[in-house]
Amino acid sequence: MAESKKVVVVGIPGVGKTTLINKIVELIKDHNKSVKVTNFGTIMFEVAKENGVNNRDELRKLPLSEQKKLQKNAAEKLSKIDDDVVIIDTHAFIRTPEGFNPGLPYHVLQIIEPSNFISVNAKTEEIYNRRMKDETRTRDKVSIATIKKELDIQSAMMSACSVLSGSPLKHVMNSEGKLDEAADQIIKAIGL
Ligand code: ATP
Ligand code: AMP
Ligand code: MG
């Protein structure tokens, strides 16, 4: 049996990862491979709910030690999924009071063994507006200058992930109103 491909999709909050991944699923209905979409935060939240966490946006406010436990547990669960392609919706880092905490520290990379990294980007103003408009989530309100800084941190963190795992890193622009173009680029990068 061919090995399961683990495609890790990262991006800062509001860049459009989840929307983009939903689009990919729509576009690849007629493929001949089994594709499973997973959301790292959802897997963490399912466990956290049992301990009284009410909202996925509360996860990043938990003590760092708790977030790290949930993170390792989610990675272990993900590593057991054996569809041909497993798409993992997650973050290069999480903003915490302690600083930028890696979403994919080395020990997590060793558990998941990603085959591809997709780093989703967009114009800072577009990300700012998407965060402001989206009422389904409680996103941290930060300035456009801070969003620019976050995109730089994302790029640095993802370069480290790519070097450590020896897997390719593709940067994709999710421009306003151009979801299909961004989804196509991802599909090409993962060879679906
Ligand atoms: P989080 O990390 O917080 O889960 P996310 O990266 O998954 O965020 P989404 O929830 O997918 O972000 O998208 C945020 C908002 O941006 C949504 O309201 C979505 O409809 C909108 N959006 C995403 N991509 C585009 C696009 N290409 N053009 C216009 N709007 C978009
Ligand atoms: P999301 O819906 O992608 O924003 O995920 C919800 C929450 O899950 C995030 O705000 C983080 O607190 C947490 N999360 C997602 N991916 C990771 C990760 N790789 N490491 C640590 N926490 C994560
Ligand atoms: Mg999302």
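Note that ligands are numbered from 1 as they come in the structure, with each ligand's atoms numbered from 1 the same way.
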Those atoms of ligand 1 less than 4.0 Å from some heavy atom in Glu176:
28 (N), 29 (C), 30 (N)
Taking the basic N atoms (NZ, or NE/NH1/NH2) and the acidic carboxylate oxygens, is any pair closer than 4.0 Å for Glu150 and Arg131?
yes
Does ligand 2 come near enough to Asp57 that some N or O of the ligand is less than 3.5 Å from an N or O of the residue?
no
Lys/Arg-Asp/Glu bridge criterion (N-O < 4.0 Å) met for Lys188, Asp184
no
Just how far is it from atom CG of Asn73 to atom CE of Met44, taken to the nearest 0.5 Å?
9.0 Å
Under 3.5 Å between any N/O of Gln67 and any N/O of ligand 2: does that happen in this structure?
no
Quick one about Lys36 and Ser34 (side-chain donor to acceptor, distance below 3.5 Å, no hydrogens or angles considered), yes or no?
no
Decide whether an N or O pair under 3.5 Å exists between Gly11 and ligand 1.
no
Would Leu20 count as a polar contact of ligand 1, with the cut-off being nitrogen or oxygen pairs under 3.5 Å?
no
Considering only the protein, which heavy-atom contact is closest to atom 30 (N) of ligand 1, and what is its distance?
Arg130 NE, 3.8 Å
Quick one: does Ala122 get within less than 4.0 Å of ligand 1, heavy atoms only?
no
Using heavy atoms and a 4.0 Å limit, tell me yes or no: is Glu126 in contact with ligand 1?
no
If you compare Gln71, Arg95, Lys17, His91 by their heavy atoms, the one closest to atom 3 (O) of ligand 2 turns out to be His91
Got an N/O contact under 3.5 Å between Asp89 and ligand 1?
no
Let me check your reading of the structure: within less than 2.8 Å of the Mg ion (ligand 3), is there an N/O/S atom from Thr18?
yes
Which protein non-hydrogen atom lies closest to atom 4 (O) of ligand 2, naming both residue and atom, and how far is it?
Arg137 NH2, 2.9 Å
Within ligand 1, which atoms have a heavy atom of Thr18 less than 4.0 Å away?
7 (O), 11 (O)
Return the residue, atom name and 0.1 Å-rounded distance of the protein heavy atom closest to atom 10 (O) of ligand 1.
Arg139 NH2, 3.1 Å
Just checking, any donor-acceptor pair under 3.5 angstrom between side chains of Gln154 and Ser119?
yes
So does Lys72 pair up with Glu76, basic N to acidic O under 4.0 Å?
yes
of all protein heavy atoms, closest to atom 12 (O) of ligand 1 is Gly16 N, 3.2 Å
Hey, does Gly103 come in under 3.5 Å of ligand 2, counting only N/O atoms on both sides?
yes
Counting each atom of ligand 1 from 1 as listed, which ones have a heavy atom of Thr19 under 4.0 Å away?
9 (P), 11 (O), 13 (O), 19 (C), 23 (C)
